[in-house]
Each structure stands twice: as structure tokens, then as C-alpha cells.
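A short worksheet on the structure shown next.
Hydrogens, waters and symmetry mates play no part in the numbers below; they use all other heavy atoms, side chains included. Below, chains carry the letters A, B, ... as their sequence lines are ordered, and counting in each starts from 1.
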There are 2 protein chains.
Amino acid sequence: MKKQVENKKAALLQAALKLFTEKGFHGTSTAQISKEAGVATGTLFNYFPTKEHLINDLYFEVKEELSSRMGQDVQIQKTYREKLRKMWYNLVEWGIENQEKFHFVGQFCSSPSITSHTREVVMEEYVFFHDLVMEGLANGELGDYPAEMITTMFYQSSRTIVDYILYSEPQDRDRAIENGFQVVWSGLTRNNLLF
Amino acid sequence: MKKQVENKKAALLQAALKLFTEKGFHGTSTAQISKEAGVATGTLFNYFPTKEHLINDLYFEVKEELSSRMGQDVQIQKTYREKLRKMWYNLVEWGIENQEKFHFVGQFCSSPSITSHTREVVMEEYVFFHDLVMEGLANGELGDYPAEMITTMFYQSSRTIVDYILYSEPQDRDRAIENGFQVVWSGLTRNNLLF
DNA sequence: GCTGGAATTGACTATTTAGTCATTTATGTA
DNA sequence: TACATAAATGACTAAATAGTCAATTCCAGC
């Protein structure tokens, strides 16, 4: 019985991911989600008390998966540049492999359907990223910019590159990912102020 | 009478801008828009045959305003760097001065509520930007990246900085804008490949 | 002040919505 | 097999929706 339960819950989350990403939160009815998941309309409410709870649970799950992937094998890198580069690859590759989740996050990260509570809980999963930036500022590798600005630029640039790869479809994806990192690295580090 | 007509149309567009940005397209009812604009529910449909027409007209108008501002005084700059820098300031300052329009564009640029026709018409207003990037590639100032990647990175970085300024509220906004340009310039130009 | 046509109105409709709940089905245990 | 409990169902409801349209208001020119 436990098995079946998890199946249905997962099916509902997957259906919600697809439909919310395609048509938005208000553009998707709970009936559509249930149908896509292959369950009755009432079943959705056995797992999620409201539509809002559903999207918040989904958002949390996806962001958690991303943060987990983002930090993978970062600390085993030798140089600071290699650590940042590893994180860049983790981010971009996850985005390419998980288009739907990637677009979902981008669409709902500042949506009023996501509660501030969810946002706070999710934020905690990303402290290691903030810490890595602080490390770079402390050791002088990163330029003298506010930490907040650096984290934002790094993260949003990764989003830009994923979108670029998915939408403009360059022949050589790996090249595009590496180019993206070059731009970000030379932009955010300190040792290039020829001007 | 003509005056009154234009007033109501403008009021409807302004109300739609506010509500769509706050609550999204499907999250906003036509009745809410009419109420916010101070007109009867039927009046909206005198100016816009459907809700879709309304948001498309609005999107077009806002994007046109942005493109117009973006190109202002760019050609009178002497160096290539100064041209790009002027464009950067135009973009970021417009975003800060027009928060609602700025967030509206960000939210709906890839929304299915905006038709591909609207998107195509809007695109034409931005050829001058693409041309400026081509110029930089030709004269060797920009790094050897695909033009599409450069335009995207430049534009998205401006969005990132506007968001950073509006959300993180740094004490010195002008400093933040200039920092943002430094990051983008050193990231996208060729003369910094110390690596 | 009168008149004709355009602009404005809001009550109205057919449809869709999130969420409920009494009933039915499935499952583990003995 | 029989029982107890948890899960699944879908018809149902009250509220909200985009868009219509007959009636009203407005105003320029006479």
C-alpha cells in the first residue's frame, strides 16, 4: 500500500511540474493535474490540502535537488577556480538535463504562489554557495564587489547560458558551457583590470 | 470625446500592467482590471476584443518604450566601450525607473500568453542592438563568442543588476550600476585572457 | 434645446474553478 | 475467508470567469 501511495504522489508532482511550467499556476486546474497524473480529482487533495500546498511542495523538492547537484564534488577540487568551475558545470548541466524543472524554478522563484516560508527554507540549502563566494572574496580571487551581487550574477549567468543552449541550440554545447564560464570568471575575478 | 477615449484606454493598460505583474495573466480577471481602471466591465472590451489582445498590446507598448530608451544617445559616443556603456546605463536606469514595466517584461517575455506574432514584431525594434554587437565582434573588441550569446548575456546581466539594486538595495546605486558594467565588459571583451 | 451616432454601462450567461464528502475499492492480517 | 482500516473515487457545490448586449449617457453640430 505504501508503494502505491508514493506512486500517486510522485505522479501528481510530476504532472504539476509539467503543467505549471507550460501554463502557469492559475492557468492550470487541479482537474487537469489529476487527469495528467491518472488519478481522480479528489485524490490530489488526499496528498496536498490545497493547490498552493502542491506548488510549494514541488518548488521545495526541485530546489533541493538543484542545490544537491550544485555542490557535488566541489570541495574535492584543488584550486579556487576549479571549485567555481565545477559548480558552474553542475548548475548548467543540471539545467540542460532537467529542462522542465529548470524552467519551473525560473518561472516561480519570484511568484506570489510560493510563500515566503518556502523561500526561507529553500534558502538554507544554498549557504554553501554563499560561503564559497565569501572564500573567494577573502582570498582575493574575486573582484571587490558585494557578495550578494556576485552570487546573483553567477547564478543568473548560469540560467542565461542554459537558456542560450536550449533555445539557440549551438552545435557544440560543451564549448558553450565553457565559454559561459570564461565570461563569468573573467567578469567576476580581480586580475583582469587592464582598464 | 477623443480625449476621454484615450484616457480610458491608457487607464486600462496601466491597470493591466499593475495587475498582470502582481498576479499574472490568469491570476487577474478582466473585472479586476476594469475596476482598477475605474471603468465598467464592458468598457474593456470596447478597446480590446479579448484579454489576450490586451496583454499583447501592452507587451508591445512596453517593449517599444524600452528599445527606444535603450538606443538613446548611443551613437554619439566616441569609443566602442562608451557606446556599450551608454546602452548599459540606459537599460539599467530604465529598469529602475520603471520597476513595474521591467518586471512585466521579465515575467511575460517567454509566456504563452504573448503570441509569436507579437514577439516577432517586437524583435525588429532591437536589431540595432544586435548590430552593435556585430560591430564589436568585427573590430575585435568583443571576445570570440557567438553574437547570440553576447546579446543574451549582456541583456540578462542588465536584468540581474536591476533586480539586485531593487531587491538588495545597495547604498550606492550608481556604484552598483558601474560595477555591473565592469563585470560585463571584462567578461565579454577579448583583452583579458590572462589565463 | 434637439438630434444622431458613438461611447459607456452593468446585469446577464454559459462555463470553469478549487475543494468536499459519502461511497467504493484495495490491502494487510489472522 | 472475513474483517478493519486506509486510500481512491467522482458527482457535487458555491464562487468566479470571459465575454455579450440591450439600455443608457454623452456630446458636437445645428
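Atom CZ in B/Phe48 sits roughly 12 Å away from atom P in C/dT8 (whole-Å rounding). Residue B/Phe25 contributes atom CZ, which lies 13 Å from atom P of D/dT17 at whole-angstrom precision. Look at NZ on A/Lys35: it is 15 Å from P on C/dA18, rounded to the nearest Å. Remark: P of D/dA16 and NZ of B/Lys23 are 12 Å apart, rounded to the nearest angstrom. For the pair B/Leu12 CG and C/dA7 P, the computed distance is 14 Å after rounding to whole Å. Atom NZ in B/Lys9 sits roughly 14 Å away from atom C1' in C/dA7 (whole-Å rounding). Remark: C1' of D/dT17 and CD of B/Glu52 are 13 Å apart, rounded to the nearest angstrom. When the P atom of D/dG19 is taken as reference, atom CG of B/Leu44 falls 9 Å away, rounded to whole Å.
A search for ring-ring contact (aromatic ring centres under 6.0 Å, His included) contacts involving B/Phe45 returns nothing, not counting sequence neighbours.
The shortest distance between side-chain heavy atoms of A/Gln156 and B/Arg159 does not fall below 4.5 Å.
Listed candidates were D/dT17, D/dT9, C/dT17. Nearest to the side chain of A/Asn46 is D/dT9. Comparing C/dT20, D/dG19, C/dT17 against the side chain of A/Ser29 picks out C/dT17 as the nearest. In this structure, of D/dA8, C/dG19, C/dT17, it is C/dT17 that holds the atom nearest to the side chain of A/Gln32. For B/Ala40, taking side-chain heavy atoms from C-beta onward, the closest of the listed nucleotides D/dA8, D/dA18, C/dG10 is C/dG10. In the set C/dG19, D/dG19, C/dT8, C/dG19 carries the atom at the smallest distance from any side-chain atom of A/Lys51.
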List, with names and distances, any nitrogen or oxygen atoms from the protein found under 3.5 Å away from nitrogen or oxygen atoms belonging to nucleotides 11-15 of chain C.
unit_1: C/dA11; atom_1: N6; unit_2: B/Thr41; atom_2: OG1; d: 3.3

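Within the nucleic acid shown, B/Ser34 has no heavy atom closer than 4.0 Å to any nucleic acid atom.
Taking the six-membered ring for Trp and the full ring otherwise, A/Phe154 and A/Phe129 have centroids separated by under 6.0 Å.
Between B/Thr43 and C/dT9 there is a side-chain N or O to OP1 or OP2 distance below 4.0 Å. At the phosphate of C/dA18, OP1 or OP2 sits under 4.0 Å from a side-chain N or O atom of A/Thr30. Side-chain nitrogen and oxygen atoms of A/Tyr47 include none within less than 4.0 Å of the OP1 or OP2 phosphate oxygen of D/dA7.
Evaluation of the salt bridge (charged side-chain N to carboxylate O under 4.0 Å, His left out) test over residues 54-72 of chain A, restricted to residues two or more places apart or in two chains, returns A/Glu65-A/Lys101, A/Arg69-A/Glu97.
Under a cut-off of 6.0 angstrom, the local environment of CD in B/Gln14 is sparse, with at most 12 non-hydrogen atoms contributed by other residues, nucleotides or ligands. Summarising the local packing, NZ of B/Lys23 is surrounded by 12 or fewer heavy atoms from other residues, nucleotides or ligands at distances under 6.0 Å.
Minimum interatomic distance between A/Asp73 and A/Gln77 (heavy atoms only, all atoms of both residues): O-NE2, 3.0 Å.
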